[in-house]
Each structure stands twice: as structure tokens, then as C-alpha cells.
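See structure below.
In this text, all values refer to a predicted model and were calculated from it rather than measured experimentally.
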Amino acid sequence: ETEEFNSEEAYIKVKTKALYEATDFTRAFRVSENKVEDEFLVHSWDTHIVDWFFYCEGDLVCDYEMEKVGTLAPDYLKSGKPDPHGRVAPRQAGYQHLLDVEKFETDGEWSVCFELPDKTIKLTMDGEPGTTVHLFNSYTANKKKTRRGIMVRRRADKTTFRTEYECVRK
């Protein structure tokens, strides 16, 4: 449901309750000429692994020291056993399609860039303790083409992904 809308300020805030069991989402966007501000709050009744995704065409440029990763699937997905709440999820749940995965860990603000022929998309996210940023390739509509992506993982009962996307024309 829409909580706030202001067309003059190019702002909208929406909320959904229990989209996933006992988890509410609130998301707000503010759009300006070359920027989008995105605030995504995930609030659950219990501590969970919370994954935030972003995909973009272009070359992904990251200035942080990276570490190779095998799979991003949480242990309960890899094993096929129930999660801590007794739920059994589909095996791997799509994480097996994330390729060439690398990660870095940070508690502070961080940023990466997607370089395209005519522009650079700079993504900057506020930090929170225990943040792990994963960079990967993934398939698009078929296995003939891949695109770059980011997955930010936190373990929390409440977390906010405050992100700014800035487009810089070349």
C-alpha cells in the first residue's frame, strides 16, 4: 500500500506487511535529474539472512579487495533440510545461477560503478555492521548472455538498505 506520494518532489513510499512470513517491507524512492535515492527497510519478527539484489549491464568496477566464493545459497538450501523455522525451500532457490562470485565485507559506506559506453552508474550504499557485498555474473533471459549483479547480505531482524544510484554521462 502507498504510504506517501509527492509528485512535485518525485517521491513515493510503499509498505507491504507479511509478504514473507512475519516480515514487512517498506520502500521509498526519490528521483532527481541524475540520481535515484532508494531506502528499503526489511523488518522481521526474528533474525534472518536478508539478501538485497541489483543488476546492471556494463563492466562492474570495484576498488575493494575481493575474496572468491563458492555458492551463495544458505546452508539450509544446500542441504535440503528445513531452515531454523522448519520451512523447506527449493534446493538452491536460484542461487546456483549466480556465477563467478566474489565478496568483500564492510560495516561502512561503500560504492561500485557500472561502466557503460555512454555513462557510468555509480551505486553507493550506507553501511551497517555485518554487511557482506557479493559481486557476480548471472544469466539474463537465457544462458547465452550474462549481466553483472550485486547481492548485499545481512543477518538481522531489522535492516535498511539506503542506496543512491547516480548516472554520470560521458
Side-chain angles (χ1 to χ4, degrees), residues 1-58 60-64 72-74 76-77 83-85 87 89-90 93-95 97-98 101 103-116 118-136 138-141 147-169:
E1 81 186 49
T2 302
E3 288 203 332
E4 293 178 48
F5 177 72
N6 185 321
S7 60
E8 291 175 10
E9 293 184 19
Y11 178 82
I12 188 167
K13 181 178 181 180
V14 295
K15 183 173 187 172
T16 184
K17 291 186 175 230
L19 184 62
Y20 291 103
E21 186 178 328
T23 303
D24 298 339
F25 296 127
T26 304
R27 195 144 195 192
F29 292 97
R30 182 177 312 280
V31 180
S32 60
E33 187 175 341
N34 292 323
K35 286 185 192 172
V36 175
E37 297 171 31
D38 176 5
E39 184 174 288
F40 183 38
L41 167 66
V42 179
H43 190 189
S44 181
W45 298 355
D46 199 0
T47 299
H48 295 279
I49 293 173
V50 181
D51 293 336
W52 176 95
F53 286 87
F54 178 77
Y55 297 90
C56 190
E57 298 289 327
L60 180 51
V61 178
C62 174
D63 294 331
Y64 301 92
L72 290 175
Y76 71 89
L77 290 177
D83 73 6
H85 304 283
R87 298 173 300 219
Y95 289 93
H97 300 296
L98 305 179
V101 181
K103 72 175 184 178
F104 66 91
E105 296 179 2
T106 183
D107 293 337
E109 181 183 280
W110 58 274
S111 64
V112 295
C113 292
F114 291 87
E115 296 290 342
L116 292 108
D118 62 336
K119 63 186 154 284
T120 298
I121 305 297
K122 182 179 181 184
L123 182 152
T124 303
M125 184 177 282
D126 285 357
E128 279 193 20
T131 298
T132 304
V133 181
H134 298 85
L135 284 60
F136 55 84
S138 68
Y139 298 117
T140 55
R147 65 182 168 197
R148 298 296 296 186
I150 297 172
M151 184 191 84
V152 180
R153 178 170 279 175
R154 296 178 179 152
R155 183 167 183 76
D157 61 343
K158 186 176 184 181
T159 186
T160 303
F161 300 94
R162 282 185 189 85
T163 312
E164 180 181 274
Y165 314 89
E166 182 179 11
C167 178
V168 179
R169 301 266 178 209

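- L116 places a side-chain heavy atom less than 4.5 Å from the side chain of E57.
- Side-chain atoms of D107 come within 3.5 Å of backbone N or O of G130 as a donor-acceptor pair.
- Atom CD of E115 is separated from atom SG of C56 by 10.5 Å, given to the nearest 0.5 angstrom.
- Between W52 and T131, every side-chain heavy-atom pair lies at or beyond the 4.5 Å cut-off.
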Check against side-chain contact (heavy atoms from CB on, under 4.5 Å), F53 and F136
CA-CA 11 Å; F53 286 87; F136 55 84; 3.9 Å; yes
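- Listed for the E9 side chain is no donor-acceptor partner under 3.5 Å among the backbone atoms of R30.
- What you find for T47 and R155 is that their closest heavy atoms are CG2-CG, 3.7 Å.
- Here NZ of K158 is found 10.5 Å from CD of E128. Values are rounded to the nearest 0.5 Å.
- Separation of atoms OG1 (T163) and CG (D126) is listed at 8.0 Å; rounding is to 0.5 Å.
- The OG1 atom of T160 lies 8.0 Å from the CZ atom of R154; values are rounded to the nearest 0.5 Å.
- Atom OG1 in T140 sits 6.5 Å away from atom CZ in R147 (nearest 0.5 Å).
- W110 places a side-chain heavy atom less than 4.5 Å from the side chain of L123.
- Residues E39 and R162 are paired through a salt bridge, judged by an N-O separation under 4.0 Å between the basic side chain and the carboxylate.
- With hydrogens and angles disregarded, no donor-acceptor distance shorter than 3.5 Å links the side chain of Y64 to the backbone of K103.
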Step by step, would you call I49 with D51 a side-chain contact (heavy atoms from CB on, under 4.5 Å)?
CA-CA 7 Å; I49 293 173; D51 293 336; 3.6 Å; yes
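- No more than 12 heavy-atom neighbours from other residues, nucleotides or ligands sit within 6.0 angstrom of NZ on K122.
- Residue E105 holds its CD atom at 8.0 Å from NE2 of H134, rounded to the nearest 0.5 Å.
- The shortest distance between side-chain heavy atoms of F29 and V14 does not fall below 4.5 Å.
- Here the shortest heavy-atom pairing between E4 and Y11 reads OE1-CE2, 3.5 Å.
- Between F161 and F54, the distance from one ring center to the other does not fall under 6.0 angstrom.
- Annotation: ring-ring contact (aromatic ring centres under 6.0 Å, His included) contacts of F40 (sequence neighbours excluded): F25.
- Annotation for G149 and L60: closest pair O-CD2, 4.0 Å, computed over non-hydrogen atoms.
- When every heavy atom of A156 is checked against every heavy atom of V50, the shortest pair comes out as O-CG2, 4.1 Å.
- Closest of all the heavy-atom pairs between D24 and K17 is OD1-CA, 3.2 Å.
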